[in-house]
Structures are given as C-alpha cells and as structure tokens.
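Here the structure comes first, spelled out in structure tokens, and everything after it is commentary.
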There are 2 protein chains.
Amino acid sequence: MVATKRLSTRGRAGRESGGSERRAELLAIAAELFATRGFLATTVREIADEAGILSGSLYHHFDSKESMAEEILRGFLEEQKQAYEQVLRENDDPREAIAELIRVSFRAMQRDRAAIAIFQNESQYLSQFDRFAFLRQSAHDFERLWTRVLQDGQRRGVFRTDLNVRLAYRFIRDMVWTTVHWYNPRGKLTANVIAEQYIQILCEGIVAQ
Amino acid sequence: MVATKRLSTRGRAGRESGGSERRAELLAIAAELFATRGFLATTVREIADEAGILSGSLYHHFDSKESMAEEILRGFLEEQKQAYEQVLRENDDPREAIAELIRVSFRAMQRDRAAIAIFQNESQYLSQFDRFAFLRQSAHDFERLWTRVLQDGQRRGVFRTDLNVRLAYRFIRDMVWTTVHWYNPRGKLTANVIAEQYIQILCEGIVAQ
DNA sequence: GTCTATATAATGATAGAC
DNA sequence: GTCTATCATTATATAGAC
C-alpha cells in the first residue's frame, strides 16, 4: 500500500474547523454553558473562566461567540441526520421505524444533551442570522423524514388514518426533544426507560383496555 | 342600593400593581416582544419604541424590565391555577378531567399565548432570581394537580397501571405547552382541533386497532 | 406621562507582547 | 496558546425639566 501524502488538519487549528483537542474542550465547555444558562446569558468571560483562561484567549480559537454555537450545532445535526437515515435503511416496518427513531433520539440525549438543548432553546433566536440558516434546513429535513414514515404507516394500515400527520409529527418531536429540559443523565430515569415509556404511550395511549 | 365609597385603584398607577390602561397596553407590548424575541434579546428601548415613547418613560410605569416579566407571569399563572381548579371541581371522571385540563390549557393558548411562551422559554433563566421564585412554586402546584388526576385514574382502573405517573405528566405537560412554539392564532389549525387530536393520541395512541 | 440627557456597568471583540 | 490592556458598543436605569 502506497502511503499517499496528505495535508494534516492538525497542527494548525487556528480558526478553521476540524481541530485540536483544546478546541474540542473549549467547545464542550461552551456547549454546557449555552445549554444550561442560555446563549445570550452566557458571556465569553464565563466560558473562558470555566476553561481557566482569559476571554481574549478564546479568540485565538474562535471568531466569535456565535461561531462556537454554530460549530456545536452543525456537529450535532450532521450526526443526528446520519443516525436517522440509518434507522430508515434498517427498518421497513413503520411502527418499528418510529420506535427506533425515538430510541435513536433518546440515545442522542445521552451523547449530545447540551447540543440538543441549544438547538431547542436558541434556534428561534439564532435563525435570524444568515450563518444559522442551516437550522431551519435541518428542522425541515427532519420533518420530512419523520412524516414519510408516518404517512407510509397510514397507507399500510399500521397507523390510524384519522391522524393529521403533520400534527402527529410535531407531537412526537416536541415530546422527544423537550425531555432535554428535565432529563438528568445521572438520574434514576435512564434515557432508555423514558424512550420505552414514551413509545408505549404514543402507540397505545394511556387509557386501559 | 347604597353606593359605598371605596378607594379607587385608578388615578395613581405609579409603580404599584393593579393599574391604568396604559400600563396594561405596555405590558401587552412587552409580553409580545418577550415571547417572540426572548426576554434577554428584547431591549427596553424596543419595548418603548413599539409603544411610541422613549425608553426612560417606561420607568415611570415599571421598576425594571424584570418587573414587567414578573407581572406578566404572575397574572397568567394565577388565572391558569383558577381555571385548572375549576376543572377538577366540575369533573369527577379522571379521563374527562384530563381531557378538560388539556382543553383548558389550549384555551389559554388563545388568550395568553405570549405569557405561556415566556413561561416556557424563560423560566429557567428567570428562576435564578428570588423575585421569580413563584415560577417554581407554580410549576410544582401544577404537577401535583395533574398527577393527582392521573393517580386517581389508575386506582379506578381508567388508566393503565404500568404508567409511570410522573413521566406521563411530563409527557402531557411538554406536549401541551410546547405547542406555543408553533401555534399560529390565525392559522388553519385552531387550538380546539389541536387539543382534540392530542387528547385522542394521548388516550388511544397512534396505532390502528 | 413623556422627554432630555446622562450615569454606570457590562459585553463582544481586537492588537500586540510574551 | 495565553495574557495584558483596552476599545467600541450597547444595555439598564436614573434625575429632573416640561
């Protein structure tokens, strides 16, 4: 095998993406603060404090506070898109597909809790800036993906036909993602338990037979 | 009928509560801005602009930006508490009670959309201040009220007994209130339609029989 | 009840030394 | 990669005239 020489992305993290470990650490710190305090309520000084450096030093790694949020959100959305598409490839039955999509979402809650919270809480505010146009795009892509499964399920007699598909989608989406507001990664209620309970309520309802 | 003389709350709105019409107008303007742009992202200048006055003039009516948010939220929560308690007085059957609680919540969405959005979006941030301690208190009161109905329903065999009641409550609460993020008061989907669909999904699930 | 004018503090960001 | 030092801007809030 001939080792082809290629440019390494390492060594000159600078302000370009794809970066050093330090960069990743700083992003994780920022994500946690953005998620818990809110994007606007978090100051660059607080991020720097948490990282043990001064605010000015942050600008060696990032252009701006916004660019930090952008990188966090892009990373999460790309990952989530891949995960969802894999679910569709591996599940033909609509009911199983919906259940798996929910499970995959709750698995993301363990991995990317902070990013999900930021996506949930700050999308409306951030979307006003051109650089965050991808937020709307992703939301739209997700909606198409989920509603396709729901529609398919209706056609094949798996889901009730008197459902308004768009409404049902919003129902599921809100129910899944808002969990991030109270989900405790170290609590008794694991993401798995929550997922299974939600799938059951969604499919069968809360009323006894 | 003897007209008993009493102190009017009018005439000296000042900074005390219970106030002039102007005060109410200003609060409505602030509520709309807080709801759509976020509390932190809204400046007092913007509120004043929208009201056609200068920012300094706002402080004739209110102590601070926070006190505006406080008044908006207190008003909504008090009203909602009354509405919920009336539902419980008038509905003994747990399933009907839950359905009515949901309907009453969606009716609030028409009346107090802005306040609900603020309660949803800014509670976490505002709760850090002592003056907003009532937010946690109200959230706690609501949780107790709803879970009592759910538990009662389980005992009486109306709801499935394998439900985790606290989880089911959060499920319902999130599903109802997050609607405020996309609900359009002038859209085709009326609050009534949404409410009935949600009640159906919640009770019967989405899977066909 | 609103305006003029301004105090005061905090914020995001920059330039250059180390 | 971080620090020193600091700028420019913006925000909430105040005091007193009208």
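Just so it is clear, the structure is predicted and the values come from calculations on it, not from any experiment. In what follows, chains are A, B, ... by sequence order, proteins preceding strands, each numbered from 1.
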- Base, backbone or nothing for each nucleotide of nucleotides 4-11 of chain C, written B, S, -, heavy atoms under 4.0 angstrom, 5' to 3'? B------B
- Pair listing, ring-ring contact (aromatic ring centres under 6.0 Å, His included) test, anchored in residues 67-101 of chain B, at least two apart: B/Y84-B/F142, B/Y84-B/W146
- Considering residues at least two apart in sequence or located in another chain, which fulfil the side-chain hydrogen bond (donor to acceptor under 3.5 Å, both in side chains) criterion with A/R148? none
- Rounded interatomic separation in angstrom, taking NE2 from B/H61 and C1' from C/dG1: 6 Å
- Task: State whether A/Y59 places a side-chain N or O below 4.0 Å from either non-bridging phosphate oxygen (OP1 or OP2) of C/dT14.
- Result: no
- Not counting sequence neighbours, list each pair that qualifies as a ring-ring contact (aromatic ring centres under 6.0 Å, His included) and has a residue in residues 95-124 of chain A. A/F106-A/Y198
- Message: According to side chain to side chain contact (heavy atoms under 4.5 Å, CB included), who are the partners of A/R111, at least two apart in sequence or on a separate chain?
- Response: A/E79, A/Q80, A/A108
- Rounded to whole angstroms, how far apart are CZ on B/F129 and C1' on D/dT12? 13 Å
- Would you say a side-chain N or O of B/H60 is under 4.0 Å from OP1 or OP2 of D/dT14? no
- Query: Excluding sequence neighbours, so at least two apart, what forms side-chain hydrogen bond (donor to acceptor under 3.5 Å, both in side chains) with A/R136?
  - Reply: none
- Between A/R74 and A/E71, is there a salt bridge with N-O shorter than 4.0 Å? no
- Message: Could you tell me how far apart A/D63 (CG) and C/dT14 (P) are, to the nearest whole angstrom?
- Response: 8 Å
